[in-house]
Amino acid sequence: MSSSTAGTIALAVDMGGTKVEAAAVDDSGTVVGGTRFRAPTGPGRSSEELAASVTSVVDQAIAALPPGANLAGVGIGSAGPVSEADGRVSPLNLPVWRGFPLRELVASRVNVPVALRMDGICIALAEHWVGAARGYANVMGMIVSTGIGGGLILHGNTVSGPTGNAGHIGHVEVAGFDDPCPCGGIGCVEAIASGPMTVAWARRQGWQGSTGEELSASFAAGDPIAAAAVERSGRAIGQAIASATSLVDLEIVAIGGGFSHVAPQLFDHIRAAIATRKNFEFVTKVKVVPSGLSSDGPLIGAAALIHRAEVLS
Ligand SMILES: [Zn+2]
């Protein structure tokens with residue numbers, strides 16, 4: 001006998017450069033307890049090992065579903081680039097996967113529909129659904145962490161582009177910087193302001209630490225190099241957001257990811273850089289806020305590919 005109170009469940013898969021996670025997420029955007037599983041990925045692994053990590057977390061999460069669960073589908077958010085039309089992925093940090101058929105691999109484990117989008121789009125969906133961008137129709141969700149990623153919702157619908165890679169805010173070049181980027185660009189915001197790149201810049205100025213957490217502690221202790229590093233990264237992120245807002249008239253940008261917590265003042269520097277566009281009120285109006293999501297955000301966003309399918313373009 002099926003429960004009359006149970007809503008639908010989506011299985012969410014978050015495919016990243018260091019780990020893959022899977023969990024069941026209910027239709028209110030909550031991870032179902034006891035269904036979250038994680039396995040390592042990373043550039044040191046073979047294609048077969050990466051695939052085994054994916055299938056192990058998917059199989060474990062399926063096995064942990066509550067009895068009688070109504071599984072509506074599987075949503076996969078993957079590090080990009082992706083090929084949305086055929087569900088293939090080529091994560092920049094997993095070079096053994098180029099055009100890997102991730103959607104097909106997951107579909108082979110389940111008998112429900114499987115949707116795949118770039119992880120940045122999933123983050124934007126999660127912020128729009130249950131996070132800091134609820135009630136807004138023109139949103140960028142952004143992650144500042146090991147890399148910098150993002151995704152767009154415009155006029156209430158996701159924007160994927162013909163290949164599925166729209167929203168790569170980390171690879172917008174910003175003026176006044178010449179840091180080389182693995183994508184081939186010069187001065188991409190990811191090459192300037194990601195956690196590891198900010199740490200590397202501080203070290204070049206003579207700072208002695210080696211992690212984002214240490215940089216955060218140095219900032220809190222008043223270290224002038226740490227302060228300059230946070231200002232520099234905030235300025236670059238702000239320039240990128242101002243340019244993105246010039247292009248698509250954003251209302252709100254919600255920023256999460258581990259390095260976004262380096263110091264609260266990071267957001268002040270981001271906003272100050274945007275404020276320099278003083279003669280463009282449609283740019284300076286954009287709100288920049290911390291993510292409203294917990295560490296479940298990427299999984300909730302992947303689940304939104306099923307639960308919030310009406311928002312997908
Ligand atoms: Zn780049």
Side-chain angles (χ1 to χ4, degrees), residues 1-16 19-41 45-80 82-91 94 97-119 121-123 125-126 129-130 151 157-158 160 163-164 296-313:
M1 196 173 131
S2 64
S3 162
S4 58
T5 54
T8 59
I9 297 287
L11 189 76
V13 179
D14 175 34
M15 180 69 211
K19 67 181 191 303
V20 56
E21 288 194 272
V25 177
D26 70 19
D27 56 12
S28 70
T30 303
V31 171
V32 178
T35 68
R36 185 172 180 169
F37 296 89
R38 163 194 293 215
T41 59
R45 286 167 202 274
S46 69
S47 177
E48 292 74 19
E49 287 167 337
L50 295 176
S53 286
V54 172
T55 55
S56 80
V57 295
V58 167
D59 292 351
Q60 289 176 89
I62 295 272
L65 287 174
N70 176 16
L71 184 64
V74 184
I76 307 169
S78 177
V82 304
S83 173
E84 188 179 295
D86 58 9
R88 290 174 181 266
V89 303
S90 307
L94 299 175
W97 272 11
R98 286 295 173 265
F100 181 83
L102 179 59
R103 192 175 65 201
E104 189 179 294
L105 175 70
V106 172
S108 73
R109 318 301 284 194
V110 296
N111 54 10
V112 290
V114 181
L116 181 145
R117 293 288 188 281
M118 190 177 72
D119 50 7
I121 289 178
C122 294
I123 286 296
L125 277 167
W129 184 19
V130 296
N157 289 106
T158 59
S160 287
T163 66
D296 295 340
L299 288 166
I300 293 168
L305 299 177
I306 303 300
H307 288 310
R308 302 276 288 163
E310 72 278 8
V311 178
L312 301 180
S313 56

_For Asp27 versus Gly7, what's the shortest heavy-atom pair and its separation?_
OD2-CA, 3.6 Å

*Looking only at heavy atoms, what is the nearest atom pair of Pro91 and Ala79, with distance?*
CG-O, 3.8 Å

*Report, as yes or no, whether the 6.0 Å neighbourhood of atom CD on Glu49 holds more than 12 heavy atoms from other residues, nucleotides or ligands.*
yes

*Which pair of non-hydrogen atoms, one from Ala302 and one from Gly77, has the smallest distance, and what is that distance?*
CB-N, 3.8 Å

*Heavy-atom side-chain contact between Thr8 and His307 under 4.5 Å*: yes

*Can you name the residues that form a side chain to side chain donor-acceptor pair (under 3.5 Å) with Ser56, not counting sequence neighbours?*
none

_Within residues 32-41 or reaching into it, pairs that qualify as side chain to side chain donor-acceptor pair (under 3.5 Å) - sequence neighbours excluded_ = Glu21-Arg36, Arg36-Asp296

*Would you give the length of the straight line joining atom CZ of Arg117 to atom SG of Cys122, rounded to the nearest 0.5 angstrom?*
8.5 Å

*asked:* So, using side chain to side chain donor-acceptor pair (under 3.5 Å) as the criterion, who are the partners of Ser78 when residues are at least two apart?
replied: none

*Looking at residues at least two apart in the chain, or sitting in another chain, which of them share a side chain to side chain donor-acceptor pair (under 3.5 Å) with Asp59?*
Arg109

*Ala304: what forms a side chain to side chain contact (heavy atoms under 4.5 Å, CB included) with it, not counting sequence neighbours?*
Leu125, Trp129, Arg308

*Where do Val112 and Val74 come nearest, in terms of heavy atoms and distance?*
CG2-CG2, 4.0 Å

*Over all heavy atoms of both residues, which pair between Val57 and Ala22 is shortest? Give the atoms and the distance, please.*
O-CB, 3.6 Å

*Mark yes or no for whether Arg88, through its side chain, and Glu104, through its backbone, hold a donor-acceptor pair below 3.5 Å.*
no

_Euclidean distance, Ile306 CD1 relative to Ile76 CD1, rounded to 0.5 Å_ = 9.0 Å

_If the condition is side chain to side chain donor-acceptor pair (under 3.5 Å), which residues does Ser53 pass it with, not counting sequence neighbours?_
none

_Measuring only between side-chain heavy atoms, which start at C-beta, is Thr163 closer than 4.5 Å to Ser83?_
no

*Output the distance between atom CG (Leu71) and atom CG (Leu65), rounded to the nearest 0.5 Å.*
6.0 Å

*Can you check whether Leu116 reaches Leu102 side chain to side chain, under 4.5 Å on heavy atoms?*
yes

*Taking side chain as C-beta onward, heavy atoms only, is Ile9 less than 4.5 Å from Asn70?*
no

*asked:* Is there a side-chain contact between Pro101 and Asp86 in this structure, where contact means two heavy atoms from C-beta onward sitting under 4.5 Å apart?
replied: no

*Look only at the side chain of Asn157 and the backbone of Val311, and say whether a donor-acceptor pair between them is shorter than 3.5 Å.*
yes

*Taking all non-hydrogen atoms of both residues, which atom of Phe100 and which atom of Ala51 are closest, and how far apart?*
CZ-CB, 4.1 Å

*Would you tell me whether Trp97 and Ser90 have side-chain atoms, one donor and one acceptor, within less than 3.5 Å of each other?*
no

*So do the side chains of Val32 and Val25 get within less than 4.5 Å of each other, counting heavy atoms only?*
no

_Run Val89 and Arg98 through side-chain contact (heavy atoms from CB on, under 4.5 Å) and show every step you take._
CA-CA 6 Å; Val89 303; Arg98 286 295 173 265; over 6 Å; no

*Taking Asp26 for its side chain and Gly29 for its backbone only, find out whether a donor-acceptor pair lies under 3.5 Å.*
yes

